[in-house]
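One structure is given here, and the rest of the page talks about it.
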Amino acid sequence: RAKADGRGTKRFFEVEMDVSLRARRALEIDLREALEREEFELHYQPIYDFRGRRIGGFEALVRWRHPVRGLVPPAEFIAVAEEIGLIVPLGAWCLTTACTEAMRWPDGIKVAVNVSAVQFRDEIIVESVRAALAKSRLPPGRLELEITESVLLKDNLATLATLYALRRLGVRIAMDDFGTGYSSLSYLRSFPFDKIKIDQSFVRDITSKTDSGLIVRAVIGLGLSLGMRTTGEGIETQEQFDRLRCEGCDEGQGYFFAKPGPARDVPRMIERWSSAGTGNSRAVA
Ligand code: C2E
Ligand code: MG
Ligand code: MG
Ligand code: MG
C-alpha cells in the first residue's frame with residue numbers, strides 16, 4: 001500500500017516536472033525571439049535629489065511587452081535570460097536604448113542602468129557600454145551603472161579590472177540593493193563606488209523598526225566617510241521621505257515620487273517634482 005502510494009507520488013511528481021520543464025523550454029524560445037521582435041521596453045523611475053529638491057535622474061527598468069501575457073516584470077525573465085546567455089544582447093539593448101532616450105532629456109539629467117553579473121564576464125560589458133555611448137552620443141558622466149554584490153562574488157581581480165575600465169570610460173558605478181548580500185562592507189572597501197543604494201527592505205521599516213533605522217543611519221554615515229552618495233530605495237510614504245532626508249541621505253527613489261513609467265512620462269515626472277518657487281515640491285504637483 002505504502003509502496004503504491006510512493007510510486008503514485010513519484011509518477012505525479014514526474015508529470016509535474018515534465019510540465020514545468022516544457023513551460024521553461026517554451027519560455028526560453030519565446031524570450032530569444034522577443035529580442036528580435038523588439039518586445040522589450042524600458043520604463044523609467046525618477047531619482048529625487050534631496051538637497052537640490054528636484055529629479056536628478058532616472059533608473060531604467062526593463063519590461064517585456066508580451067503579446068499574450070501583457071507587461072511582464074523583470075523578476076519573471078531576467079534569471080532565465082542570464083541562464084541562456086540572452087542577458088548579454090538584452091543588456092546591450094538596454095544600455096543603448098537608455099542612453100538614446102536620455103539624450104532627449106534636459107541637460108544634466110542622469111540615467112541609471114542595471115547590469116547583471118553575467119554581463120561582467122569577458123569584459124563584454126566594457127564594449128557594450130562603449131558602443132552605447134558612441135551610438136547615442138550621451139556624455140559618459142550622465143550614465144550610471146547599477147551593479148549588485150553578486151558581481152563581486154567571483155574572480156575579484158578580473159571584476160575589479162573591469163570596474164576600473166568602466167570608470168575610465170567616464171561612467172559612474174553604483175552599488176545596488178546594498179545590505180542584502182554577503183560581507184557588503186568588504187566590497188565597499190575593494191572598489192570606490194560613486195553611490196550606495198540602500199535596499200528597500202531597510203527603508204520599508206525605517207520608521208517602524210529600530211534596527212532598520214540604525215542600519216540606514218550607519219550606511220549613510222559610511223557613504224559620507226567614504227565619499228559615496230547614498231540613495232534610499234523604495235520610499236513609499238512621507239514619513240520615510242522625511243526620515244531619510246533628515247538622516248542626510250542624498251537621494252530618494254520610490255512609489256512616493258512615482259512608479260516606473262514609459263519614456264513619454266519622463267517630462268511630466270520632472271515637472272511634477274521640480275521645486276519651482278515653493279519649499280514643498282508636492283504643493284506644486
Ligand atoms: P532594482 O534595480 O533594485 O530596481 C528597483 C525595483 O524596485 C524595481 O522593480 C522598482 O519598480 C521597484 N520599486 C521602486 N520603488 C518601489 C517602491 O516604492 N515600493 C516597491 N515595493 N517597489 C519599488 P522592477 O522594475 O520589477 O525590477 C526588479 C529588479 O529587476 C531590479 O531591482 C533589477 O535588479 C532587475 N532589473 C530591472 N531592469 C533590469 C535590466 O535592465 N537589467 C538587469 N540586469 N536587471 C534589471
Ligand atoms: Mg537598480
Ligand atoms: Mg535596487
Ligand atoms: Mg532590487
Side-chain angles (χ1 to χ4, degrees), residues 31 34-35 39-48 55 57-65 70-102 110-121 124-125 128-129 132 143-151 172-181 184 193-207 216 219 230-241 243-244 251-263 265 269 273:
L31 206 49
L35 196 57
E39 288 174 2
F40 292 106
E41 61 186 59
L42 294 177
H43 281 199
Y44 295 93
Q45 186 176 38
I47 300 171
Y48 183 80
I55 301 303
F58 288 82
E59 177 174 3
L61 296 153
V62 71
R63 273 93 181 90
W64 180 10
R65 177 79 59 184
L71 206 59
V72 184
E76 289 177 37
F77 63 87
I78 288 289
V80 180
E82 287 175 336
E83 281 171 44
I84 63 175
L86 188 77
I87 195 71
V88 173
L90 174 60
W93 179 87
C94 289
L95 280 162
T96 303
T97 305
C99 290
T100 305
E101 293 186 322
K110 297 191 180 77
V111 66
V113 179
N114 292 282
V115 174
S116 148
V118 179
Q119 289 173 267
F120 263 76
R121 288 188 200 143
I124 290 175
I125 183 65
S128 302
V129 171
L143 174 62
E144 188 163 81
L145 305 176
E146 296 193 0
I147 67 165
T148 55
E149 291 161 51
S150 59
V151 167
R172 289 160 206 264
I173 319 270
M175 164 61 61
D176 203 355
D177 303 343
F178 185 73
T180 56
S184 310
F193 291 93
D194 297 283
K195 185 185 283 186
I196 306 169
K197 297 191 79 172
I198 306 167
D199 191 68
Q200 57 186 55
S201 56
F202 303 112
V203 173
R204 189 191 308 128
D205 301 330
I206 190 174
T207 53
V216 169
V219 177
T230 47
T231 307
E233 297 191 82
I235 300 177
E236 294 185 355
T237 68
Q238 179 77 56
E239 289 69 34
Q240 292 163 343
F241 173 99
R243 181 69 181 272
L244 278 162
E251 304 175 336
Q253 184 181 352
Y255 296 165
F256 177 72
F257 303 101
K259 289 194 172 182
D265 290 355
M269 292 194 265
W273 286 97

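Every number for a ligand or one of its atoms is a count from 1 in the order of the listing. In this text the structure is predicted, and so the values were computed from the model without any measurement.
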So, does [X] sit close enough to ligand 1 that a heavy atom of it is under 4.0 Å from the ligand?
| X | result |
| --- | --- |
| A75 | no |
| E233 | yes |
| K259 | no |
| P260 | yes |

I want to check something: taking the side chain as every heavy atom from C-beta on, are [X] and [Y] in contact at a cut-off of under 4.5 Å?
| X | Y | value |
| --- | --- | --- |
| F202 | E233 | no |
| T230 | L244 | no |
| Y48 | F256 | no |

**Prompt:** Between E239 and T207, does a side chain to side chain donor-acceptor pair (under 3.5 Å) hold up when you go through it step by step?
**Reply:** CA-CA 7 Å; E239 289 69 34; T207 53; over 6 Å; no
**With K110 via side-chain contact (heavy atoms from CB on, under 4.5 Å) - residues at least two apart** =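 For K110, the residues satisfying side-chain contact (heavy atoms from CB on, under 4.5 Å) (neighbours in sequence not counted) are R172.
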**Message:** Suppose we screen for side-chain contact (heavy atoms from CB on, under 4.5 Å). Which residues come up paired with E236, at least two apart in sequence or across chains?
**Reply:**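 Partners of E236 by the side-chain contact (heavy atoms from CB on, under 4.5 Å) criterion, ordered by chain and then number, come out as Q240, Y255.
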Does an N or O anywhere in [X] fall below 3.5 Å from an N or O of ligand 1?
| X | value |
| --- | --- |
| Q200 | yes |
| D176 | yes |
| V115 | no |

Taking non-hydrogen atoms only, is [X] closer than 4.0 angstrom to ligand 1 via side chain, backbone, both or neither?
| X | value |
| --- | --- |
| P74 | side chain |
| E59 | side chain |
| K197 | neither |
| H43 | neither |
| I235 | backbone |

**Message:** As an exercise, state the distance from CG of L145 to CG of N114, rounded to the nearest 0.5 Å.
**Reply:**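 Those atoms lie 9.5 Å apart.
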**Item:** From I47 atom CD1 to M269 atom CE, the distance as rounded to the nearest 0.5 Å
**Value:**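 Answer for the CD1-CE pair, I47 versus M269, is 11.0 Å.
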**With the Mg ion (ligand 3) as the apex, the OE2/OD1 angle for E233 and D177 - to 10°** =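 Between OE2 of E233 and OD1 of D177, the angle at the Mg ion (ligand 3) is about 80°.
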As an exercise, identify every atom of ligand 1 less than 4.0 angstrom from a heavy atom of [X].
| X | value |
| --- | --- |
| C94 | 41 (O) |
| Q45 | 14 (C), 15 (N) |
| E236 | 17 (C), 18 (O), 19 (N), 20 (C), 21 (N) |
| G234 | 16 (C), 17 (C), 18 (O) |
| D177 | 3 (O) |
| G254 | 15 (N), 18 (O) |

**Asked** the Mg ion (ligand 2) as vertex, arms to OE1 of E146 and OD2 of D176: angle to 10°?
**Response**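 Computed angle, vertex at the Mg ion (ligand 2), rounded to 10 degrees: 90°.
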**Message:** Test of geometry: compute the angle OD1(N114)-the Mg ion (ligand 2)-OE2(E59) and round it to 10°.
**Reply:**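 With the Mg ion (ligand 2) as the vertex, OD1 (N114) and OE2 (E59) sit 90° apart.
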**Request:** Ignoring hydrogens and angles, state whether a donor on the side chain of H43 or E41 is under 3.5 Å from an acceptor on the partner side chain.
**Result:**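 Yes, side-chain donor-acceptor contact under 3.5 Å.
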**Request:** Fit a plane to each ring of W273 and F257, take the angle between them on a 0 to 90° scale, and name the class: parallel (under 30°), tilted (30 to 60°) or perpendicular (over 60°).
**Result:**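 Geometry flag for F257 against W273: perpendicular rings.
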**Prompt:** Can you say whether the rings of W64 and F77 are parallel (under 30°), tilted (30 to 60°) or perpendicular (over 60°)?
**Reply:**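 Answer is perpendicular, since the angle exceeds 60°.
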**Asked** Between L143 and C99, which heavy-atom pair has the shortest distance, and what is it?
**Response**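 For L143 versus C99, the nearest heavy atoms are CD2-SG, 4.0 Å.
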**Prompt:** Charged N to carboxylate O below 4.0 Å: is that the case for E59 and K197?
**Reply:**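 A salt bridge links E59 with K197.
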